[in-house]
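Everything on this sheet refers to the single structure shown next.
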Amino acid sequence: MQPISRRQAILLGGLGAAGTVAGGAGLIWTLTSPSGPVSGGELTQPQEERSADGQLQVRLEAAPGQILLAGRQATAFGYNGSVPGPTLRVRAGDVLKIKLVNNLVQATNLHVHGLHVSPEGNGDNVFVSVEPGSSFDYEYNLPDDHPPGTYWYHPHHHGMVADQIFGGLFGAIIVEDPEPVETSAERVLVVSDTTIDGTGNVAAVPAMERMMGREGQLILVNGQSDPQFSARPGQRERWRIINACVARYLRLRLDGQQLQLLGMDFCRFPKPETVDELLLTPGNRADLLVTTTTGDSVLRAFYQNRGSMPGMMGPGYSARNPADQPDGAALATLRVSGEPAAPLTAVPAYRGLGDLRSSTVSARRQVILAAGMGMGGGAGMMRFTINGREFNEARTDTTVAAGSVEEWTLTNTSPVDHPFHLHVWPMQIIEENGQGLDTAVWQDVVNVPANGRVKIRVAFKDFRGCSVYHCHILDHEDLGMMGVIDVR
Ligand code: C2O
Ligand code: CU
Ligand code: CU
C-alpha cells in the first residue's frame, strides 16, 4: 500500500458526517468512464491466515491508503492494505487473537459477526472504542462445539459502521467443518458495494441515502469487478458468499449451473438443498455447492424491492444502479470447459443445531422495528427505533436470564424491510408472517419484511454479558436502530 497524501487523509478523515460530497453524476466512477473501474481479470482470494495448534494470532491494521478496487487504485480503507482483509481460518475450540491497530483518523473497533463467543472484556465487545493511533488486543475463545461455517469481521463503532464498511473494512472468518466436505475448489466470495468519486475517493453519502440505506454504484467480489475463473465440468465447487454491503440485498442467480445450499449464515443444513436463486440480506452468508456444467455462467445480483418510504426516493428501482438493470449486475463469471471430472464422494450428513420449537420458553417479548418522522433528528430526518427508542449505550433495553430460551416477535411497522441481527446467540426462525416453519432454520440475520412479522427463539446459553441487536442495514444501525441486551 502506498502512503497517502495529506489531502487524501483529510478527505478520509471526513468520511463521516462532514464528508465531502461528490458533485454531479459525472464525478462518480462508473464502468463506462475512461479512468473508472476495470472489469474482468482472474478472481483473487484474500490472503489466508490459518490456525495451528489451537491458536491463530493476527494483526489487523485499519488504515486509509491507495487500495486496489475494481482494478484501479482508489483512496479507501483497508485491513492490512487490502479489500477485503485477510481470511481467518479457525476451528472449534481455537483461540483467535487479533491485535487491531487503528491508523484511521477516527475511532473504530472490531466485531466478529456470528461467532458464538463471549461479548465481554476483550472478547466480542462492541462497546470498546479504539482511538486513532492506538491498538487493542482482542481474544476470542471458540467453544469446542462451536458451529462450523462462514462468518466475518467488520468495525462496530456506533455512528461510523456504515462509512467504515463502505470504505473497505471487512474480511471473512471460516470455522472449518469437523468432517470435511470433499470439493474440487473452495472459494471465498466477499460481496461489497461502494461508490468512488471522480478523484478516486470513496464518495460521501447524502443524508437521504443514509435513511434509505445506501447502495453503492460498484458491486465488487473480493474487491474486483466481475472477475472470472474456470473449472472443468462435473466438478463440485464450494462458494462461501458473504454479503458485506451496507444496505444492498443480494438476490443471486447462477443460471446454467447446479446449485445446492449447504447452509445459511453458519452451520449446515442436515442435507444440502437444491436452489436456483438465493436472497442474502446485508450480513447474511451462503455456503453454496456448485456442480459445474459446460458453458459460461454469470453470477448475477438482481434488484430486490425492499420497500420505500412515503415522500422519499429509493431504495426503489434506479436506472443508474447496476443491480437494477433488467439482467442484474454481473458479480463474477465462471467458465466451464474441458474433460469431465471424476465424481466426488457424497456430502456427509450434518446433525444441525437442534430445534427449539419443543423447548420451554421462559419469556416472550415484542420487538417493534419502526421508522418515522421525528422531532429530534433535525428537519426531514427520520427516526429509526426499536421499541420506540434510539440506541443509547448507557441504557439496557433487554435483560435476559442466562441459560433460558426466549421467544421474540419481531414486528416491522415501517414500509421498508429491516434485516434483524443479534450478536453472540443464534436465532431460530419459528414463524414468518404467521406461517410456522416446518424445519429448524437457524440464522444470525433474519429479514423482517415491510409491515411484516417474524417469530424467533434464542437459547441464551454459554455466555453472559452485554451485547447488542440491531438492523443490519448499517445506516439504520448508525441512525439508532440498535438495542442493548444484558444476559445475566
Ligand atoms: Cu455484522 Cu452487529 O453486526
Ligand atoms: Cu454481528
Ligand atoms: Cu433497517
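If you read the sequence from its start, that first residue is 1, and numbering goes on from there. These numbers come from a predicted model, not from an experiment. Computed over heavy atoms, backbone and side chain alike; hydrogens, waters and symmetry mates excluded. Start at 1 and go down the list; that is how both ligands and their atoms are numbered.
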Next on the checklist: Walk me through whether His156 and Phe127 qualify under ring-ring contact (aromatic ring centres under 6.0 Å, His included).
Outcome noted: CA-CA 8 Å; His156 217 289; Phe127 303 102; 9.0 Å; no

Checklist entry - Considering only N, O or S atoms, which atom of His418 is nearest to the Cu ion (ligand 3)? => result ND1

Next on the checklist: Assess, by modelled atom type and distance only, whether the side chains of Asn284 and Asn243 contain a donor and an acceptor separated by less than 3.5 Å.
Outcome noted: no

Checklist outcome for this item: With rounding to 10 degrees, His423 NE2, atom 2 (Cu) of ligand 1 and His470 NE2 define an angle of 110°

Checklist entry - By atom name, which N, O or S atom belonging to His111 lies closest to the Cu ion (ligand 2)? => result NE2

Next on the checklist: Less than 6.0 angstrom separating the ring centers of His470 and His476, yes or no?
Outcome noted: no

Checklist entry - How is the N/O/S atom of His476 that comes nearest to the Cu ion (ligand 3) named? => result ND1

Next on the checklist: At less than 2.8 Å, would any N/O/S atom of His472, backbone or side chain, sit next to the Cu ion (ligand 2)?
Outcome noted: no

Next on the checklist: For a distance under 2.8 Å, tell me if His156 has an N/O/S atom near atom 2 (Cu) of ligand 1.
Outcome noted: yes

Item to check | Where Cys267 and Tyr151 come nearest, the two heavy atoms and their spacing | outcome: N-OH, 4.5 Å

Item to check | Crowding at CZ, Arg453 (>12 non-hydrogen neighbours, <6.0 Å) | outcome: no

